[in-house]
Amino acid sequence: MTIDEQLKIIRRGTTEVIGEADIVDRIKKGQTLRVKLGVDPTAKDVTLGWAVVLRKLRDFQKLGHTACLIIGDFTAQIGDPSGKSKTRKQLTREDVLENVEAVTKQFYRILDPEKTVIYFNADWLGMMSFQDVIMLCSRYTVARILERDDFTKRLAENRPIAMHEILYPLCQGLDSVEIDSDVEIGGNDQKFNNLVGRTLMEQYGKPAQAVVLCPLLVGTDGKEKMSQSLGNYISITDTPNDMFGKTMSIPDEIIGNWFELCTDVPMEEVAEMLGEGKNPRDAKVRLAKEIVALYHSVEDADAAERYFIETFSKKVQPVDAEEVVIPSELVVEGMVNLPALIGGLGLAKSNGAAKDLITAGAVALDGEKVTEFRHELSALTGKVLKVGKHKFVKLIEG
RNA sequence: GGGGAGAUGCCCGAGUGGCCAAUGGGAACAGACUGUAAAUCUGUCAGCGAAAGCUUUCGCAGGUUCGAAUCCUGCUCUCCCCA
């Protein structure tokens with residue numbers, strides 16, 4: 001593969017490649033690049049948003065390079081201030097370890113384990129003495145740290161910045177020094193931190209890493225960045241049907257962007273699909289199938305499409321709704337209080353919320369809208385309960 | 001170290017003794033319309049209860065009062081100005 005072809009792969013779905021010339025040099029010299037990605041173990045699920053940078057890492061692996069994952073078990077206890085207008089809550093060591101375990105398994109759905117090395121940054125950051133920390137701090141200035149726009153903004157808005165937060169970029173930069181990374185991949189919001197890595201590596205007399213920045217994937221709401229705390233996410237472990245359905249719910253404007261960041265479909269083809277006179281819905285169906293195929297299989301993608309058309313486009317009952325047993329304690333003298341059932345099954349936030357849903361006409365039994373709260377047990381069993389647009393369960397007697 | 005301001009529901013933000021489970025906006029959820037898109041209209045939005053109603057909420061802990069988000073005391077946290 002020529003250098004240009006390799007660069008085309010590297011550049012897809014990035015906003016900026018800083019130090020690209022260094023990457024080219026090192027590839028020409030035949031080096032196996034050490035490509036760093038910091039992993040913040042604050043979540044249990046790998047979302048499509050997270051997958052963007054993981055897939056970029058995989059691109060490098062495909063070109064023969066080594067992925068260096070830094071598990072931020074130490075830094076997670078500080079909390080990355082990136083994009084946050086508030087001080088993050090600090091995680092306990094147990095939380096971190098639990099998340100790490102859940103998440104590393106999911107990484108290998110994307111990454112090649114043969115070409116992946118995992119580091120824990122507590123191994124070096126946790127060993128530093130206070131004197132080491134002070135020496136580190138002496139290599140950076142307050143003014144430079146405060147250049148960072150989160151900090152600038154917070155200062156301007158009279159919001160607090162805790163001292164430990166300004167150390168976060170330094171910690172992350174030190175990771176790069178420690179593992180001698182050639183390239184660091186990061187989301188756009190990591191630019192500042194990644195650049196600190198470059199500076200720090202030079203300070204320590206090492207060649208500076210290049211930085212590859214990927215845009216942040218917008219969530220299914222089409223507004224905010226995809227994140228687990230906002231609930232606008234698709235997890236790579238979601239079922240094919242969920243993945244498909246959630247993808248179909250994204251606003252039209254972000255379809256192209258999702259193609260670029262979440263699939264390998266050539267951009268020329270994407271432009272074609274989104275051209276004049278084309279129905280964006282068709283592009284979205286293709287997108288949804290591509291995504292399902294990537295994390296499940298082509299067959300699953302086809303099945304998910306069929307399910308989607310049956311259930312939502314034609315509004316037919318799903319055949320394979322999950323079966324759920326009606327808890328016996330909810331049955332009193334043969335009667336069941338439906339709000340309590342819906343609340344109890346977690347289909348609504350609370351019994352009160354379930355009641356509101358029934359009143360709003362959002363609840364149906366075998367396709368028939370329900371208006372009553374109390375029902376005979378016999379009138380419920382064997383029926384498909386629908387709550388809202390896309391929650392279905394089949395009720396079974398306990 | 002000195003002086004000043006402030007802490008209200010997911011967020012912003014009204015409310016200064018009873019009419020406050022707390023105005024308004026945003027977010028979210030649901031219904032109609034759709035393409036599980038957008039826009040629009042409507043409804044809901046502390047918990048429990050079929051309901052009457054009950055319980056818990058206005059930084060934290062006490063107190064005054066028949067009655068407190070509102071008054072008093074102490075505490076915690078944050079911001080601003082000066083050093």
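Below, read A as the first sequence line, B as the second, and so on, with proteins coming before strands; counting in each chain starts at 1.
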Inter- and intrachain pairs under side chain to side chain donor-acceptor pair (under 3.5 Å), touching residues 339-360 of chain A, at least two apart: none
At under 4.0 Å between heavy atoms, which parts of nucleotides 50-58 of chain B does protein reach? Answer with one letter per nucleotide, 5' to 3': B base, S sugar-phosphate only, - none. SS-------
Below 4.0 Å: OP1/OP2 of [N] and any side-chain N or O of [X]:
{"X": "A:S249", "N": "B:A37", "answer": "no"}
{"X": "A:K223", "N": "B:A38", "answer": "no"}
{"X": "A:T359", "N": "B:G43", "answer": "no"}
{"X": "A:N158", "N": "B:U78", "answer": "no"}

Cut-off 3.5 Å, no hydrogens considered: what does the side-chain donor-acceptor table look like for residues 8-23 of chain A, sequence neighbours left out?
residue, atom, partner, partner atom, Å
A:R11, NE, A:E20, OE2, 2.9
A:R11, NH2, A:E20, OE1, 2.7
A:R11, NH2, A:E20, OE2, 3.4
A:R12, NE, A:E260, O, 3.1
A:R12, NH1, A:V265, O, 2.8
A:R12, NH2, A:F259, O, 3.0
A:R12, NH2, A:E260, O, 3.3
A:R12, NH2, A:T263, O, 3.0
A:R12, NH2, A:V265, O, 3.0
A:T14, OG1, A:R11, O, 2.8
A:T15, OG1, A:N188, OD1, 3.2
A:T15, OG1, A:N188, ND2, 3.4
A:T15, OG1, A:L213, O, 3.3
A:E16, OE1, A:K191, NZ, 3.0

Going by side-chain contact (heavy atoms from CB on, under 4.5 Å), name the residues that satisfy it together with A:T371, two or more places apart in sequence or in a different chain. none
To the nearest Å, give me how far apart [atom1] ([X]) and [atom2] ([N]) are.
{"X": "A:L347", "N": "B:C29", "atom1": "CG", "atom2": "P", "result": "16 Å"}
{"X": "A:F392", "N": "B:U36", "atom1": "CZ", "atom2": "P", "result": "12 Å"}
{"X": "A:D221", "N": "B:A27", "atom1": "CG", "atom2": "C1'", "result": "10 Å"}
{"X": "A:L341", "N": "B:G49", "atom1": "CG", "atom2": "P", "result": "12 Å"}
{"X": "A:L155", "N": "B:U78", "atom1": "CG", "atom2": "C1'", "result": "14 Å"}
{"X": "A:K391", "N": "B:U36", "atom1": "NZ", "atom2": "P", "result": "18 Å"}

Side chain to side chain donor-acceptor pair (under 3.5 Å) with A:D302: which residues, sequence neighbours excluded? A:K289
Run the side chain to side chain contact (heavy atoms under 4.5 Å, CB included) check on A:H296 and A:M243 step by step: do they pass? CA-CA 10 Å; A:H296 295 279; A:M243 236 180 222; 3.9 Å; yes
Where along residues 287-304 of chain A does a heavy atom fall under 4.0 Å from RNA chain B? none
For RNA chain B, what residues of residues 252-268 of chain A have any heavy atom nearer than 4.0 Å? A:D252
Report the stems of RNA chain B as range-with-range entries sorted by first number; a stem here is at least three consecutive pairs, Watson-Crick or G-U wobble, both distances under 3.5 Å, and write none if there are none. B:1-7 with B:76-82, B:10-12 with B:24-26, B:28-32 with B:40-44, B:46-48 with B:53-55, B:59-63 with B:71-75
Only counting residues at least two apart or in another chain, list the ones meeting salt bridge (Lys or Arg N to Asp or Glu O under 4.0 Å) with [X].
{"X": "A:K278", "result": "A:E272"}
{"X": "A:R286", "result": "A:E269, A:E290"}
{"X": "A:K223", "result": "none"}

Does A:F130, at its CZ atom, have more than 12 non-hydrogen atoms belonging to other residues, nucleotides or ligands within less than 6.0 Å? no
Of the listed nucleotides B:G35, B:C48, B:A28, the one nearest the side chain of A:N351: B:C48
Among B:G35, B:C48, B:U36, which nucleotide has an atom closest to any side-chain atom of A:H390? B:U36
Sequence neighbours excluded and cut-off under 3.5 Å, please list the side-chain donor-acceptor pairs for residues 248-258 of chain A, or say none.
residue, atom, partner, partner atom, Å
A:S249, OG, A:K246, O, 2.8
A:W258, NE1, A:V218, O, 3.1

With side-chain contact (heavy atoms from CB on, under 4.5 Å) as the test, pick out the partner of A:F60 among A:H65, A:Q6, A:R34. A:H65
